[in-house]
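Here the structure is laid out as structure tokens; the discussion comes afterwards.
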Amino acid sequence: MELRKANKDEISIIQDIAYITWPVAYGDILSQEKIDYMLGMMYSTEALTEQMDNGHIFLIINENNKDLGFVSFENNYSKSSKTKIQKIYILPEAQGKGVGRLLINEAEKLSKDIGNTMLFLNVNRHNKAQFMYQKLGFEISKSEDVDIGNGFFMNDYVMEKVIE
């Protein structure tokens with residue numbers, strides 16, 4: 001498997017992975033209306049361009065000329081020595097094959113290289129991915145409900161991992 005840093009010309013790849021993955025990841029826990037709203041809010045070309053312009057690093061993982069997933073993260077989040085994993089999605093057919101581990105390990109390595117000391121992320125409280133994060137050394141630090149507009153909230157755990 002190969003990792004590469006995404007550029008703005010690859011926004012459509014990120015969008016394709018998100019639009020394939022979200023209904024599988026969230027179909028049983030979020031309404032279709034909420035999924036559509038969140039995808040539009042976070043994965044429009046304008047939103048992804050703004051994220052890249054504001055320091056979000058996107059890594060895409062590829063195997064045999066097929067893009068399998070991506071991670072995005074923000075180093076020095078809120079001027080701290082923490083890195084926030086903003087997004088991580090793997091195509092359903094590639095899940096369970098270590099793709100997520102590779103993406104998180106690379107984000108951790110790049111964060112450590114610049115002196116960050118902690119990774120953290122938000123995960124929906126009903127998302128099974130939280131168990132993968134626990135296997136990778138993340139621990140739940142708190143629960144929070146984030147107002148994302150349009151009458152919707154993200155009901156998440158914040159999970160943290162010390163970078164060693």
Do F120 and F138 make the cut of ring centroids closer than 6.0 angstrom? no
Would you give the length of the straight line joining atom NZ of K84 to atom OG of S111, rounded to the nearest 0.5 angstrom? 14.0 Å
Aromatic ring pairing Y43/F70, orientation class (parallel under 30°, perpendicular over 60°, tilted between): perpendicular
Do N155 and N124 have a side chain donor and acceptor closer than 3.5 Å? no
For the residue pair Y26 and Y89, does the interplanar ring angle fall in the parallel (under 30°), tilted (30 to 60°) or perpendicular (over 60°) class? perpendicular
Do L48 and Q51 make a side-chain contact, defined as non-hydrogen atoms from C-beta onward lying under 4.5 Å apart? yes
Donor-acceptor side-chain pairing of N122 and E144 below 3.5 angstrom: yes
Report the distance from atom NE2 of H126 to atom CD of Q130, rounding to the nearest 0.5 Å. 9.0 Å
K142 with D156: basic N within carboxylate O range, under 4.0 Å: no
Going by heavy atoms in the side chains, are M118 and T83 under 4.5 Å from each other? no
Quick one: closest heavy-atom pair of A47 and M41, and the distance? CB-O, 3.4 Å
With a 4.5 Å limit on heavy-atom distance, are the side chains of M154 and M38 in contact? yes
